[in-house]
Chemist: 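This is the structure I have questions about; it appears just below.
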Number of protein chains: 2
Amino acid sequence: MSLHSRIRADIERRILSGEWKPGDRIPFEHELVVEYGCSRMTVNKALSALAAAGLINRRRRTGSFVAQQHVDMAALAIPDIREEIETRGGTYSIELLSRKVGLSNGGQLQVSPVPGRPAILGLSCRHLSDGMPFAVEYREINLVQVPEAEEVDFAVTPPGSWLLVNVPWTEAENRISARAAGGDCRKLGLQPDAACLVLERRTWRSGAPITFVRQIFPAQGFSLVARFIGMSAQPD
Amino acid sequence: MSLHSRIRADIERRILSGEWKPGDRIPFEHELVVEYGCSRMTVNKALSALAAAGLINRRRRTGSFVAQQHVDMAALAIPDIREEIETRGGTYSIELLSRKVGLSNGGQLQVSPVPGRPAILGLSCRHLSDGMPFAVEYREINLVQVPEAEEVDFAVTPPGSWLLVNVPWTEAENRISARAAGGDCRKLGLQPDAACLVLERRTWRSGAPITFVRQIFPAQGFSLVARFIGMSAQPD
DNA sequence: TAGTGGTCTAGACCACCAC
DNA sequence: TGGTGGTCTAGACCACTAG
């Protein structure tokens, strides 16, 4: 284990154990240089990593301080449905239920239309695992940003998988909720009052919206897992 | 803007724009040193940050390569229920429905019991916003790791809020799913077939389990939001 | 074996900011 | 104005690994 990793782990331990409490100032860099018998660059690397992880705050002239508390954030893996099904050992297939190219802007996506060019591609499809309904999906794609999407056959390629590979995004927002199947019950093979998990997702590339999607999963047998790995478990 | 930040942003731009595609080798450190006219440490800092963010993979002897694709991870904020309610402008209150100290180990939590000492504190409580049911919660706390929890009055202090402040954790796993209210319907003021969002959560401190909790929210008016901020938006 | 990334050093200059 | 963190340099040694 490298020296800066050990220094970082050591300081982290003192914070997590409560030896250094939120608001406490930790030793100056030059003091840690003496304590660990290394150069300032090495101490700086350890402290910069702790600051990036949010465990300490650093201020010029005054020093470094233990941050107030863990922000309770977790890394949530948003599944690609085809991968999800195949990982479970199922055979994936997709049904394109509807496809519509819109010139106007009446959907979820905020698109500034370009005269004479299509603005939004609206899709509705159903994902199946071994022929059984797994999820239904409503999607809008910004054709101004992603014109090539109009030529893709989404009866073969799942739109989410195609976008994942072909259109890098820089920002995304996911909203997770629950509701009864309602009007989608027949598509999912459920009763209208069956509970479903709903995942809504918006992505942007450099501020421009790329896609909006709402995916509806039967509650039975589907869940999202978010895992937070503390700093001590991070690779070095 | 610092030099290593500009180098990092520049390489990031070339990757996101598609100029450098997944699998491509990016220039060696010593080549970037020439290109940017700086020292190797500076280039190394930029590339290390890109590797930590998952945008490139680095291998000794062979170089650095553009990673295959964005891993679709999102930062999910797990809400503290009291804060969540108060943020919405509601008045928070809690009802402790049951409390049980267990010597054995029959629950969700894997605790190695210590003879003569209690192992698990089991709690059931209801969270209310302006007197209306907001969520029900089943929780287990590891009393071997957190003995002081036995003395806390959880009819006053919500267990989640107490733990957040008093017991730092290093690892957490959250599982999000949906189901019908079922047996919890009366506690939530719902019909048995009403859809609910279920958040299950486990935390550890240095490998030792701290708590397990299952929170059940009425689907109506509750959702979790996870936001991913691309690297270009990260502070330097 | 040669070339890469991983790490560390000893020193330097600068921006910032409490005093 | 002095001391802090932010950054950068020029060089070094090492571990790892493809050829």
Side-chain angles (χ1 to χ4, degrees), chain A residues 1-15 20-68 231-236, chain B residues 1-15 20-68 231-236:
Chain A
M1 196 178 193
S2 61
L3 179 53
H4 73 259
S5 296
R6 280 192 285 112
I7 295 174
R8 177 182 161 169
D10 196 33
I11 294 173
E12 180 193 325
R13 180 189 53 74
R14 298 203 221 184
I15 293 173
W20 293 342
K21 298 186 191 312
D24 287 0
R25 184 180 64 71
I26 73 173
F28 296 124
E29 290 190 355
H30 67 81
E31 294 172 325
L32 294 169
V33 162
V34 174
E35 178 174 347
Y36 291 101
C38 65
S39 75
R40 194 183 145 221
M41 275 293 287
T42 304
V43 166
N44 183 279
K45 188 165 187 175
L47 295 188
S48 296
L50 288 168
L55 213 60
I56 64 173
N57 299 315
R58 314 195 73 193
R59 290 204 305 273
R60 283 182 168 97
R61 169 69 187 171
T62 50
S64 301
F65 298 81
V66 178
Q68 277 307 317
M231 299 198 350
S232 56
Q234 280 185 9
D236 291 300
Chain B
M1 196 176 193
S2 62
L3 180 52
H4 72 260
S5 296
R6 280 192 286 110
I7 295 173
R8 177 184 161 168
D10 197 33
I11 294 173
E12 180 193 325
R13 179 189 53 73
R14 298 203 221 185
I15 292 174
W20 292 344
K21 298 187 190 312
D24 287 359
R25 184 179 63 72
I26 73 173
F28 296 124
E29 290 191 354
H30 66 82
E31 295 173 324
L32 294 169
V33 162
V34 174
E35 178 174 347
Y36 291 102
C38 64
S39 75
R40 195 183 144 219
M41 276 292 287
T42 304
V43 166
N44 183 279
K45 188 166 187 174
L47 295 188
S48 296
L50 288 168
L55 212 61
I56 64 174
N57 298 317
R58 313 195 72 195
R59 290 203 306 272
R60 283 180 166 99
R61 169 68 187 174
T62 50
S64 301
F65 297 81
V66 178
Q68 275 309 315
M231 299 198 350
S232 54
Q234 280 185 8
D236 291 302

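The sequence lines fix the lettering, A, B, ..., with proteins before strands; numbering per chain opens at 1.
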Chemist: Measure across A:T62 and A:R25 and return the closest heavy-atom pair with its distance rounded to 0.1 Å.
Modeler: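 Heavy-atom minimum between the residues: O-CD, 3.4 Å.
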
Chemist: A:L3 and A:C38: which non-hydrogen atoms are nearest, and at how many Å?
Modeler: CD2-CB, 3.6 Å

Chemist: Might you point out which heavy atoms bring B:L55 and B:E12 nearest each other, and give the distance in Å?
Modeler: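 Scanning both residues completely, I find the closest heavy atoms to be CD2-CG, 3.9 Å.
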
Chemist: In Å and rounded to the nearest 0.5 Å, what is the CZ to CZ distance from A:R59 to A:R61?
Modeler: 12.0 Å

Chemist: Keeping A:S48 on the side-chain end and A:N44 on the backbone end, is there a donor-acceptor pair under 3.5 Å?
Modeler: yes

Chemist: Under 4.0 Å from OP1 or OP2 of D:dT4: is there any side-chain N or O of A:H30 that close?
Modeler: yes

Chemist: Would you indicate whether the side-chain heavy atoms of B:Y36 and B:T42 approach each other to under 4.5 Å?
Modeler: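 Contact flag for B:T42/B:Y36 side chains = no.
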
Chemist: On the ring face of B:F65, is B:R58 found with NZ or CZ under 6.0 Å from the centre and within 45° of the axis?
Modeler: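 Verdict for B:F65: no cation-pi partner in B:R58.
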
Chemist: Measure CG/B:L3 against P/C:dC13 and give the value in whole Å, please.
Modeler: 18 Å

Chemist: Working note: B:D10 + B:R6, criterion salt bridge (charged side-chain N to carboxylate O under 4.0 Å, His left out); need CA distance, chi angles, decisive distance, verdict.
Modeler: CA-CA 6 Å; B:D10 197 33; B:R6 280 192 286 110; over 6 Å; no

Chemist: Would you kindly give the CG-to-P distance between A:N57 and D:dG6, to the nearest whole Å?
Modeler: 11 Å

Chemist: Just the rounded figure in Å: distance from P of D:dG2 to CZ of A:F28.
Modeler: 17 Å

Chemist: Provide the closest heavy-atom pair for A:R8 versus A:A49 in the form atom of the first, atom of the second, distance.
Modeler: NH1-CB, 3.3 Å

Chemist: If you round to the nearest 0.5 Å, how far is CG of B:L47 from OG of B:S64?
Modeler: 5.5 Å

Chemist: Over how many whole Å does the gap from A:R6 atom CZ to C:dC8 atom P extend?
Modeler: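 Nearest whole value for this atom pair: 8 Å.
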
Chemist: Give the residues of residues 33-47 of chain B touching DNA chain C, defined as any heavy atom closer than 4.0 Å, sorted by residue number.
Modeler: B:R40, B:M41, B:N44

Chemist: Quick one: the dot-bracket string of DNA chain C, using Watson-Crick and G-U wobble pairs with both distances under 3.5 Å, [ ] for crossing pairs and | for bases paired to another strand.
Modeler: ||||||||||||||||||.

Chemist: Rounded to the Å, how far apart are B:E31 CD and C:dG5 P?
Modeler: 9 Å

Chemist: Polar atoms only, N or O, under 3.5 Å: list the protein pairs with nucleotides 14-19 of chain C and their distances.
Modeler:
unit_1: C:dA15; atom_1: N3; unit_2: A:R60; atom_2: NE; d: 3.4

Chemist: Can you list the steps and then say if A:L32 with A:I7 is a side chain to side chain contact (heavy atoms under 4.5 Å, CB included)?
Modeler: CA-CA 9 Å; A:L32 294 169; A:I7 295 174; 5.6 Å; no

